[in-house]
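Here's the structure, in structure tokens; my notes come after.
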Amino acid sequence: MSEKRLKGLAALVGATLLVVIATGAVLGSRSAAADLEAKAERSLASADLPDVHVTFRGREAVLTGGSPDDLGKAELIVEGIEGVRLADVAISTAVTPTQRPPDTTPTLDLRHAGAGLTISGTVPDSDAAAGIKVRVAEDFAVPVTGDLVIDPAVGSAGWIDRLPDVFGDLVGVKRLELTIDGTGVLELAGSIESRAGAEDVRRKVAVAAPDLDVVSRIDIEPGSLSESDAAVLNGSTLYFPPGSSDLGAEYERVLDAVADVLRRNPSVAIEAGGHAGPVDPPAGEVLSLARVATVKAYLVRSGVDAARVSTRTFASDSRTAEASAKRFHRVDFVVTES
């Protein structure tokens, strides 16, 4: 055999050996990858990381899926497996939507809409829903649309029982917006004639909802009234003895001031509201009607046109109210036209 043919044969044998070696290396790498992948999957399952997936390229692992915390744990586990050169976390460019925790706090949204009110929110039971809706309808005396969702998963809150007792004090707020969104904040918005009136509303709401941070954005719009005259009407409150509609002499001076404002502002009209307690509501309403009648009669005798003074009553059936509370023996005023 010639030297040239021997060299050609040697070259062919060498090439064949290289292919065999390379093929063996590939097969060996695949076998090692499969073996390591099986070990890694068992280790992740034992560590309760079912959402993390592992694949191997040779002895290098790539981890995907699961939370960042799970991926961090998986990386340490896989790198600790004998024979693994490296474990790497694949970076995902997909945007995962933020998971909103389930609502567990009652909410309420109450606002003027045209000539009526809209109501929405979520409360834990039908008693809570009925207590709020009835008081809204009775105290504001306007059409009410919307409804409250009943969700037993929502916890209770102190304001559910107490807040309806001050709805009668909110009727004087024009364009009222009251929002409890479940974050611990109660927001009030709208307008009233004086700063004294706005502060009185804020204070009463804060007392009824002590666990909430009351944020008031009530605008001051006195209309044709001066600020001082508006403060007289917004801030005048008359307290009567329990079981009586007799006006004490000290409150005649309060009514004299109210009458003076009305005489000097002939375009202004008011509503006198009597507040009754939770015990024996029918009897309380009769007594409140007698009290507002006493107030109106005094103003008429003082030279105020009877047509400019309307009257009404506000009842309370709150389970948390004290029947003897002074606030259930009072008459105050709302400016209806200014």
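The figures that follow rest on heavy atoms only: side chains count, while hydrogens, waters and symmetry mates do not. One-based numbering along the sequence shown.
- Salt-bridge check for R202 with E199: passed, with a basic side-chain N closer than 4.0 Å to an acidic carboxylate O.
- Checking H275 against D332 by side-chain atom types alone, a donor-acceptor pair falls below 3.5 Å.
- Residues L63 and V78 are in side-chain contact: their nearest non-hydrogen atoms beyond the backbone lie under 4.5 Å apart.
- With rounding to the nearest 0.5 angstrom, the CZ atom of F314 is 11.5 Å from the CD atom of E285.
- If you run side-chain contact (heavy atoms from CB on, under 4.5 Å) between L163 and each of L110, I132, I180, only I180 comes through.
- Using a 4.5 Å cut-off on side-chain heavy atoms (C-beta onward), N265 and D229 make contact.
- With hydrogens and angles disregarded, no donor-acceptor distance shorter than 3.5 Å links the side chain of R330 to the backbone of G273.
- Nearest heavy atoms, G168 versus V171: O-CG2, 3.2 Å.
- Between L36 and G58, the shortest heavy-atom distance links the atoms CD1-O, 4.2 Å.
- Expressed to the nearest 0.5 Å, how far CG of L255 lies from NZ of K296 amounts to 14.0 Å.
- Inter-residue side-chain proximity for L287 and F240 is flagged as unmet; no heavy-atom pair is nearer than 4.5 Å.
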- Item | side-chain contact (heavy atoms from CB on, under 4.5 Å) assessment of L108 paired with W159 | CA-CA 10 Å; L108 177 66; W159 63 262; 3.8 Å; yes
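- Contact check for P143 versus L117: no side-chain heavy atoms found under the 4.5 Å cut-off.
- In this structure the side chain of I270 reaches within 4.5 angstrom of the side chain of L299, judged on heavy atoms.
- Considering OG1 of T237 and CG of D200, their distance stands at 6.0 Å, rounded to 0.5 Å.
- E193 pairs in a side-chain contact (heavy atoms from CB on, under 4.5 Å) with only one of the listed residues (N234, V334, V268, L233), which is N234.
- The two residues V154 and T105 make their nearest non-hydrogen contact at CG1-C, 3.6 Å.
- In plain terms, the two heavy atoms of I192 and A198 that are nearest each other are CG2-N, 3.6 Å.
- The structure places CG of L188 at 5.0 Å from CD1 of I218, a figure rounded to the nearest 0.5 Å.
- Between H112 and E177 the shortest side-chain heavy-atom distance does not fall below 4.5 Å.
- What you find for G303 and R263 is that their closest heavy atoms are O-CG, 4.2 Å.
- In the displayed structure, R308 atom CZ is contacted under 6.0 Å by more than 12 heavy atoms of other residues, nucleotides or ligands.
- Remark: the D181 side chain and the T179 side chain contain no N/O donor-acceptor pair separated by less than 3.5 Å.
- Checking side-chain atoms of T107 against main-chain N and O of T122 turns up a donor-acceptor pair under 3.5 Å.
- Under the 3.5 Å distance criterion, the side-chain polar atoms of S191 are left unmatched by any main-chain donor or acceptor of E221.
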- Query: Under the side-chain contact (heavy atoms from CB on, under 4.5 Å) criterion, do V295 and T311 qualify, and how do the steps go?
  - Reply: CA-CA 9 Å; V295 169; T311 62; over 6 Å; no
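- Distance alone, capped at 3.5 Å, is enough to place a donor-acceptor pair between the R135 side chain and the P164 backbone.
- Counting heavy atoms from C-beta outward, E271 and F333 have side chains that stay 4.5 Å or more apart.
- Annotation for T55 and E37: closest pair CA-OE1, 3.6 Å, computed over non-hydrogen atoms.
- Using a 4.5 Å cut-off on side-chain heavy atoms (C-beta onward), V309 and V304 make contact.
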